[in-house]
Amino acid sequence: MHVVQVPRRFVRSDWGGTETVILETSKSLMALGHHTEIYCPRALSNQDHEMIDGVSVTRFGYVYPYWGLSAAARAQMDRKGGNLFSFPLMRGLQRFPDLDLIHLHTGKRLGAIGRYVAAKRKLPYVISLHGGVYDVPSGEAQTWTAPARGTVEWGKVLGWWVGARRVLDDAAAIICVGRKELEEAQRRHPRQTVVHLPNGVDARRFSGGDGAGFRARRGIPADAFVILVVGRIDPQKNQLLAVRLLAELQREKPRAHLVLVGPVTSADYDLSLAKEISALGLDAHVTLIRGLETSDPELVNAYHGADLFLLPSVHEPFGIVILEAWAAGLPVAASNVGGVPSFVSDGENGCLFPSGDLAALVGVVRELRSEEHTSELQSLTN
């Protein structure tokens, strides 16, 4: 079988859970004897073609169909939420030899290109929802369109042409990574095949790492209590809550240290995060690593250099980083949002707290630290 995966972008420098799933799915299909490639726009990359972990990635030119769009606005839309269109990608899909299936990881105009080509070639297509359709707060969705404010959109005719409003209606299957999105998709598309396929990670990769070396290289005290947050520097991920948690814990012993790892998808949020860290006098107690590629061994080392993994997101369709933390043997505290409660049971395999509730989070972390201290004492006396 010949399969083409179509995401909105696919670059090592701006990686997230969606990219991990697409890559691992492609590698698994290839291991089963299927031919799989990734076709996507050239967003955030200047390479037309490259191999990533043995998977072919081909990128195509694209446009944002808005008059008056600035270069800065275009760059922001590249990172998050831009509703683009690509004639070259359409031609690539039309010419792909012996194509059997198109697997979309995006909707809107780009996803509709996959729908259009599938209809023309009389092929099936499926679409995976990674949390960007039904499980998004309205305030978050508004940030996606903010860069286009003040422009004139001329792309609606393109959306009409390729059937942007029918991408989900005509799919052979809708695949949801999160339970919440699954339930909403089933409600809105009762005649469609809608399935729940939760994310996974290569647990072996995260099972061993150089935690002590990571601390030494980053200047983190060996005796510090290290809290790790891995995710895009973005309002959705709510690293500001982690910073305020750190301020609350600084009066306690051992002193806490916060490690934030992730690419910047919101420059304004990155600036506000840096200002908050400085305003609270925490510069020496925060390690901020922007743009660490997911293939870098230092990411695994970061997990092994931490004492606690924190996911403070405002919304989260799944939370694949929790699986990575578990594979590294870390306890987990996470916001009780989106798909997280579908696999994290509070008090059993993790601790959940209401999103944005600093007091509740402080209580959770203090309890976990107390349990860790008790476990250390027990190990010393046994």
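Source: prediction; values computed, not measured.
For Phe85, the ring pair (Phe, Tyr, Trp, His ring centres under 6.0 Å) criterion is met by Phe87, not counting sequence neighbours.
Considering CZ of Phe60 and NE2 of His49, their distance stands at 9.5 Å, rounded to 0.5 Å. Atom CG in Asn199 sits 8.0 Å away from atom OG1 in Thr25 (nearest 0.5 Å). Atom CG in Asn301 sits 9.5 Å away from atom CZ in Arg218 (nearest 0.5 Å). Taking OG1 from Thr151 and OH from Tyr66, the interatomic distance works out to 6.5 Å, rounded to the nearest 0.5 Å.
Within 6.0 Å of atom CZ in Arg121, more than 12 heavy atoms from other residues, nucleotides or ligands are found, so the atom counts as buried in its surroundings.
With 3.5 Å as the limit, one finds a donor-acceptor pair spanning the side chains of Tyr64 and Asp78. Side chains of Asp210 and His304: no donor on one and acceptor on the other come within 3.5 Å. For the residue pair Thr265 / Arg232, a side-chain donor-acceptor distance below 3.5 Å is found, with atom types taken as modelled.
Counting only distance, with no hydrogens or angles, the side chain of Tyr125 and the backbone of Val167 share a donor-acceptor pair below 3.5 Å. Remark: the backbone N or O of Met51 is not paired with any side-chain donor or acceptor of Ser56 at under 3.5 angstrom. Counting only distance, with no hydrogens or angles, the side chain of Arg109 and the backbone of Asn83 share a donor-acceptor pair below 3.5 Å. Although no hydrogens or angles enter the test, the distance criterion places a donor-acceptor pair under 3.5 Å between the side chain of Gln192 and the main chain of Ala171. Between the side chain of Arg255 and the backbone N or O of Ala224, no donor-acceptor pair lies under 3.5 Å. The main-chain N or O of Val162 is found under 3.5 Å from a side-chain atom of Arg115 such that the two form a donor-acceptor pair.
No salt bridge links Arg12 with Glu19; every basic N to acidic carboxylate O contact stays at or beyond 4.0 Å. We find that Asp307 and Arg215 are joined by a salt bridge, their nearest charged nitrogen and carboxylate oxygen being less than 4.0 Å apart.
Residue Asp14 forms a salt bridge (Lys or Arg N to Asp or Glu O under 4.0 Å) with just one option from Lys80, Arg8, Arg9, and that option is Arg9. Just one of Val230, Val337, Val340 meets the side-chain contact (heavy atoms from CB on, under 4.5 Å) condition when paired with Leu311; it is Val340.
Relative ring orientation between Phe10 and Trp15 is described as perpendicular, the plane-to-plane angle rising above 60° on a 0-90° scale split at 30° and 60°. Note on ring orientation: taking the six-membered ring where Trp is involved, the planes of Trp154 and Trp67 are tilted (angle from 30° to 60°).
Side-chain contact between Val177 and Ser128: absent, with no pair of heavy atoms (C-beta onward) separated by less than 4.5 Å.
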Checklist entry - Can Arg290 and Asp270 be said to form a salt bridge (charged side-chain N to carboxylate O under 4.0 Å, His left out), step by step? => result CA-CA 10 Å; Arg290 301 175 177 90; Asp270 184 40; 3.1 Å; yes
Taking only distance into account, with no hydrogens and no angle test, what donor-acceptor pairs under 3.5 Å do side-chain atoms of residues 28-36 form with protein atoms, sequence neighbours excluded?
unit_1, atom_1, unit_2, atom_2, d
Ser28, OG, Glu24, O, 2.9
His35, NE2, Glu37, OE2, 2.7

Using distance only, find each side-chain donor-acceptor pair of residues 351-365 under 3.5 Å and give its atom names and separation, not counting sequence neighbours.
unit_1, atom_1, unit_2, atom_2, d
Ser355, OG, Ser313, O, 3.4
Asp357, OD1, Ala359, N, 3.3
Asp357, OD1, Ala360, N, 3.0

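Taking the six-membered ring for Trp and the full ring otherwise, Tyr303 and Phe214 have centroids separated by 6.0 Å or more.
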